[in-house]
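For reference, the structure discussed in these notes is given below.
When a residue number appears, it is its place in the shown sequence, counting from 1. If you're wondering where the values come from, they're calculated on a predicted model, not measured in any experiment.
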Amino acid sequence: MKYSVAGISEVIMIPEIKINQQRIWDSLMTLGQIGGTEEGGCCRLALTELDRQARDTFINWCKDAGCEISIDQIGNIFARRPGTNPDAAAITTGSHLDTQPTGGKFDGIYGCLAGLEVIRTLNDHNIQTFRPVEVSVWTNEEGSRFAPAMIASGVFCGEFDIDYGLSRADSEGVTIGEALKQIGYDGAEPVGQRDIHRFFELHIEQGPVLEQEKLDIGIVTGVLGMRWYDLVIKGTSAHAGPTPMAYRQDALYASACMIKELFELAHSNEEGNTRSTFGCLDVIQPSRNVIPGEVRLTVDLRHSDLDGLQSLEQKAREIIAAIAEQSGTTAELNCIWDSPPTAFAPECIEAVGNAVKDTGLSYCELVSGAGHDAVYLSRKVPTSMIFVPSVGGISHNEAEWSTIEQIGAGTQVLFNVMQTQANI
């Protein structure tokens with residue numbers, strides 16, 4: 001590998017160093033046992049006892065690698081390998097350890113353990129970097145226990161204030177602040193005060209593009225814009241037998257019509273990377289022989305550009321209003337989270353591209369359809385992402401998988417870019 005510093009003509013050679021592919025794989029499989037499911041996946045919701053166990057394990061491994069550990073007030077973990085200049089801003093990587101209720105072993109966890117493997121490899125070869133190298137674990141990235149998603153990286157980067165972050169509650173009324181205390185991860189470090197020079201996040205693709213195109217690496221140039229909504233539809237509960245179809249105000253029927261229309265709206269505009277998803281649906285006071293009088297569901301809309309996302313929302317509101325009127329129901333759509341389309345830093349995209357070329361791996365540039373902590377980090381520091389293929393394009397599923405070779409390839413790219421960046 002080689003790199004040059006702006007304004008300096010000398011090209012500095014860095015020896016080729018290989019990460020330990022088996023070591024990171026073994027770490028992934030070991031951590032995957034914490035919350036492991038019968039179907040081979042993982043259920044480790046944010047700030048549960050299982051999350052505490054995973055955090056403890058990760059921190060112990062980092063301490064064994066000689067890292068300094070810090071925990072901030074919203075539970076973010078930072079494992080730092082010092083550089084020769086203690087005042088230099090760190091080259092940071094990381095992701096998250098929490099999973100979906102029926103998640104896999106790789107989503108998020110891979111990015112954290114790949115960062116640890118970078119540090120372990122630097123240690124193996126007694127390599128000292130100019131800048132510190134740091135691995136971060138961001139609290140509640142998934143948003144499956146506490147909404148919205150990516151809450152702690154959002155607080156770190158100033159998208160939310162600390163009081164808002166700590167007050168987010170789960171379905172049982174437990175807040176993030178309370179849960180952090182329960183598992184002993186309510187740290188003392190003020191949030192957002194760490195000095196990060198550049199941030200790189202390694203992740204599984206969670207989609208089919210790399211596998212379908214038979215490519216090794218995705219150089220991620222940005223992330224789709226996304227908005228989350230709560231939709232409440234109210235009709236009239238009535239007896240299923242005596243009430244003719246023409247006289248019904250069926251909230252579930254209305255919601256089904258809305259879902260169909262919004263699905264077709266997104267499906268007809270795939271060139272804009274348009275998405276519409278309905279992940280949760282609840283019939284209030286359900287009964288087998290009662291017409292549903294109230295339904296609550298979640299709506300997730302995504303688009304590649306801001307104007308497109310705004311247009312998608314406007315069309316969705318028009319569709320919902322029209323169906324509510326036709327069905328004799330009322331509908332209220334409230335946006336609870338708005339993450340605009342994100343473009344990553346050109347200099348970081350270029351750095352990843354150079355690191356990939358050093359390996360000889362095949363690659364393409366792509367836009368992520370999923371949200372990641374890198375979205376919020378990019379608003380504070382220069383950021384980019386690296387993807388490796390997901391077998392079958394499957395994620396947020398117990399069947400989520402990437403091969404040991406794919407895991408090793410992505411980690412090698414991360415090592416190359418972080419070693420280079422940490423010496424500039």
Side-chain angles (χ1 to χ4, degrees), residues 45-47 98 100-102 140-155 159-161 163-176 179 224-237 249-266 274-286 291-303 306 308-341 369-371 375-376 396:
L45 299 184
L47 307 184
D98 63 311
Q100 291 286 329
T102 50
N140 189 58
E141 190 273 351
E142 292 291 3
S144 53
R145 181 180 179 192
F146 305 97
M150 298 137 53
I151 188 70
S153 57
V155 173
E159 180 70 17
F160 314 111
D161 64 38
D163 291 336
Y164 174 86
L166 293 175
S167 67
R168 297 307 88 199
D170 65 9
S171 60
E172 304 294 323
V174 178
T175 66
I176 286 179
L224 292 181
M226 56 197 77
R227 292 177 182 172
W228 284 6
Y229 307 82
D230 288 335
L231 175 57
V232 179
I233 304 161
K234 294 183 179 181
T236 302
S237 296
Q249 291 144 2
D250 189 325
L252 183 57
Y253 170 73
S255 68
C257 293
M258 293 171 190
I259 290 170
K260 178 178 181 295
E261 291 292 324
L262 295 177
F263 181 91
E264 292 177 352
L265 172 65
T274 310
R275 310 281 192 269
S276 63
T277 306
F278 314 90
C280 302
L281 187 148
D282 293 308
V283 178
I284 306 305
Q285 296 180 335
I291 299 165
E294 182 176 343
V295 171
R296 300 175 186 174
L297 64 154
T298 61
V299 183
D300 180 323
L301 300 180
R302 307 190 183 205
H303 201 280
L306 189 57
L309 184 59
Q310 187 60 40
S311 176
L312 181 62
E313 177 182 314
Q314 182 59 38
K315 291 176 181 176
R317 289 188 180 279
E318 292 170 0
I319 288 170
I320 289 168
I323 291 173
E325 183 177 0
Q326 294 165 7
S327 61
T329 61
T330 63
E332 182 177 350
L333 183 69
N334 292 316
C335 183
I336 66 162
W337 183 49
D338 182 0
S339 179
V375 170
Y376 286 139
H396 285 192

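- The heavy-atom pair separating Tyr376 from Ala149 by the smallest distance is CE1-O, 4.4 Å.
- The 12-atom threshold is not exceeded at OH of Tyr253, counting heavy atoms of other residues, nucleotides or ligands nearer than 6.0 Å.
- How far CE of Met258 is from CG of Leu265: 14.0 Å, rounded to the nearest 0.5 Å.
- A 4.5 Å side-chain heavy-atom check between Val299 and Trp228 finds every atom pair outside the cut-off.
- Using a 4.5 Å heavy-atom cutoff, the side chains of Leu281 and Val295 are in contact.
- For Arg302 (side chain) and Gly369 (main-chain N/O), a donor-acceptor pair under 3.5 Å exists by modelled atom type.
- A heavy-atom distance below 4.5 Å is found between the side chains of Leu262 and Phe278.
- Put simply, the side chain of Ser311 never gets that close to the backbone of Gly308: no donor and acceptor are under 3.5 Å apart.
- Residues Phe146 and Ala179 come closest through the heavy atom pair CZ-CB, 4.0 Å.
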Can Glu142 and His396 be said to form a side chain to side chain donor-acceptor pair (under 3.5 Å), step by step? CA-CA 10 Å; Glu142 292 291 3; His396 285 192; 3.2 Å; yes
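- Residues Glu294 and Val232 have side chains in contact (heavy-atom distance under 4.5 Å, counting atoms from C-beta outward).
- Using a 4.5 Å heavy-atom threshold, the side chains of Glu172 and Arg145 count as separate.
- Atoms CG and CG, on Leu301 and Leu309 in that order, are 7.0 Å from each other to the nearest 0.5 Å.
- Of the possible donor and acceptor atoms, one in the side chain of Thr298 sits under 3.5 Å from a partner among the backbone N and O of Cys280.
- Distance check, rounded to the nearest 0.5 Å: CD1 of Ile284 to NZ of Lys234 gives 9.5 Å.
- Listed here is the closest heavy atom pair of Leu306 and Pro340: CD1-CB, 4.5 Å.
- Here Met226 contributes atom CE and Thr277 contributes atom OG1; the two are 10.5 Å apart, rounded to the nearest 0.5 Å.
- Rounded to the nearest 0.5 angstrom, Arg275 CZ and Leu312 CG are separated by 11.5 Å.
- A heavy-atom distance below 4.5 Å is found between the side chains of Phe160 and Pro148.
- For OH of Tyr164, the number of neighbouring non-hydrogen atoms (other residues, nucleotides, ligands) closer than 6.0 Å is greater than 12.
- For the atom pair Leu45 CG and Asn140 CG, the distance stands at 9.5 Å (nearest 0.5 Å).
- In this structure, Leu297 and Ile259 have side chains that are in contact, with non-hydrogen atoms separated by less than 4.5 Å.
- Checked against Arg168 for a side-chain contact (heavy atoms from CB on, under 4.5 Å), the options Ile176, Thr175, Val174 give a single hit: Ile176.
- Pairing each heavy atom of Val155 with each of Gly165, the nearest pair is CG2-CA, 4.1 Å.
- When all heavy atoms are compared, the tightest approach of Ile233 to Ala251 is O-CB, 3.6 Å.
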Verdict with reasoning, Asp282 to Arg296, per salt bridge (charged side-chain N to carboxylate O under 4.0 Å, His left out): CA-CA 5 Å; Asp282 293 308; Arg296 300 175 186 174; over 6 Å; no
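- Under the 3.5 Å distance criterion, with hydrogens and angles disregarded, a donor-acceptor pair is assigned to the side chains of Gln314 and Glu318.
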